[in-house]
Protein chains: 2
Amino acid sequence: MGVFSKTCEYAMRAVFFIAHKTAPGGRVGIKEIANGIDSPEHFLAKILQDLSRRGIVRSAKGPNGGFYLDESALKRPLSDIVEAVDGKGIFLGCGLGIKQCSEINPCPLHHEFKAIRNQIHHMMYKTTIGEFNEDLDLGITALKK
Amino acid sequence: MGVFSKTCEYAMRAVFFIAHKTAPGGRVGIKEIANGIDSPEHFLAKILQDLSRRGIVRSAKGPNGGFYLDESALKRPLSDIVEAVDGKGIFLGCGLGIKQCSEINPCPLHHEFKAIRNQIHHMMYKTTIGEFNEDLDLGITALKK
DNA sequence: GGCATAAAAGATATAAAACTCTTTTGTTAT
DNA sequence: ATAACAAAAGAGTTTTATATCTTTTATGCC
């Protein structure tokens, strides 16, 4: 398994995809998203329902409905998605899984891990949801094979 | 969930504990290890069986038996444990979970993630199993609450 | 209003990870 | 040899993550 849960990976890819597809306005349906990021449709639906409840994506039912983002969402940091799905654990937890690990009661890897956690957090925090649209447009980056 | 699986967290803590407890020689039993790192005994037994098969720890049955390390194990990098338990995925996989993500077909986070993966790998590779014995002795670091 | 569309919600299924219990095998000491 | 010890191995169970299917609700269009 990777750094994030599968759910979180799908979530990030889906939000990137929505940002990309609806950049000019409009909405994009669950089928197109699932296909565009190569994820199971119904499972992704659940994930997006959750992100919608948490205000990270927006949705509209009915004809011409689908998912989209509001202006401010494009400027949000990626860490908002990670925290919504996987929680803050990845940015805060002990590398050895010790609950009471802290500055005053550190595990052997505490300081080394802190540096890594901080780097992950910093990277996810400085990166915004909308900043990859251009590269995706140009085909420089991809969200599936 | 953290960066590593629970299995891997227990494995690392257990190996640290064995290194620490058997530093002067001798062996340490599964009950004492499980207690010392606050992990479920039978589950840890399975993990150590596996580490033993892979040559990371050694074991002896019967009276005065238990787990121990050979000399060379103390100089091994921590990454050996991680790879044995969780595989190399954590050091190599795509942050967004895209199978075909690579230098020539990168995901949006590819380059940022590469830096992080490399840092994790570097940290785990430069760190040896035996290097924390002194701090554990002095009570500066801990393997459970 | 009635119909088509599309997400939300609910219920269920499958797989993997985490954990437990019991039996077997090998070792040591008497 | 046999009794006690301790890990190895085998066979579960429970929990969590992942995935699927069905029904309901909201919306737009005619």
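Small disclaimer: the values here were computed from a predicted structure and weren't measured. Chain letters run A, B, ... following the sequence lines, proteins first, then strands; residues in each count from 1.
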Is there a side-chain contact between [X] and the phosphate of [N], meaning an N or O under 4.0 Å from OP1 or OP2?
X	N	answer
N64(A)	dA4(C)	no
S52(A)	dA8(C)	yes
T7(A)	dT18(D)	yes
S5(A)	dA17(D)	no
Y10(A)	dA19(D)	yes
S59(A)	dA8(C)	yes

Heavy atoms from other residues, nucleotides or ligands near NZ of K126(A) exceed 12 (cutoff 6.0 Å): yes
Between [atom2] of [N] and [atom1] of [X], the distance in whole Å:
X	N	atom1	atom2	answer
L51(B)	dA8(D)	CG	P	10 Å
L48(A)	dA6(C)	CG	P	15 Å
Q49(A)	dA9(C)	CD	C1'	6 Å
H42(B)	dT13(D)	NE2	C1'	13 Å
R58(B)	dA8(D)	CZ	C1'	16 Å
D86(B)	dA16(C)	CG	P	16 Å
Y68(B)	dA7(D)	OH	P	12 Å
E41(A)	dA6(C)	CD	P	11 Å

- prompt: Ignoring hydrogens and geometry, is there a side-chain-to-backbone donor-acceptor pair from T22(A) to G25(A) under 3.5 Å?
  reply: no
Requested in this report: Could you tell me whether the side chain of R58(B) and the main chain of L69(B) form a donor-acceptor pair under 3.5 Å?
Outcome: no
For [X], answer base if it contacts any base atom (sugar-phosphate contacts may also be present), sugar-phosphate if it contacts only those atoms, and nothing otherwise; contact means non-hydrogen atoms under 4.0 Å.
X	value
A60(A)	sugar-phosphate
R27(A)	nothing
K46(A)	base

Selected nucleotide, minimal atom distance to [X] side chain, candidates [options]:
X	options	value
K61(A)	dA8(C), dT20(C), dA9(C)	dA8(C)
I30(B)	dA18(C), dA8(C), dA7(D)	dA7(D)
P40(B)	dA7(C), dA9(C), dT20(C)	dT20(C)

Margin query: Side-chain heavy atoms nearer than 4.5 Å, only ILVMFWY residues, links allowed to pass through others: does that put I33(B) and Y68(B) together?
Written below: no
Interatomic distance, NZ@K31(B) vs CG@L44(B), rounded to 0.5 Å, equals 12.5 Å
Walking DNA chain D from its 5' end, the first of K6(A) and P63(A) to be reached, judged by nearest nucleotide, is K6(A)
Taking atom types as modelled, find out whether T128(B) and E131(B) have a side-chain donor-acceptor pair closer than 3.5 angstrom.
yes
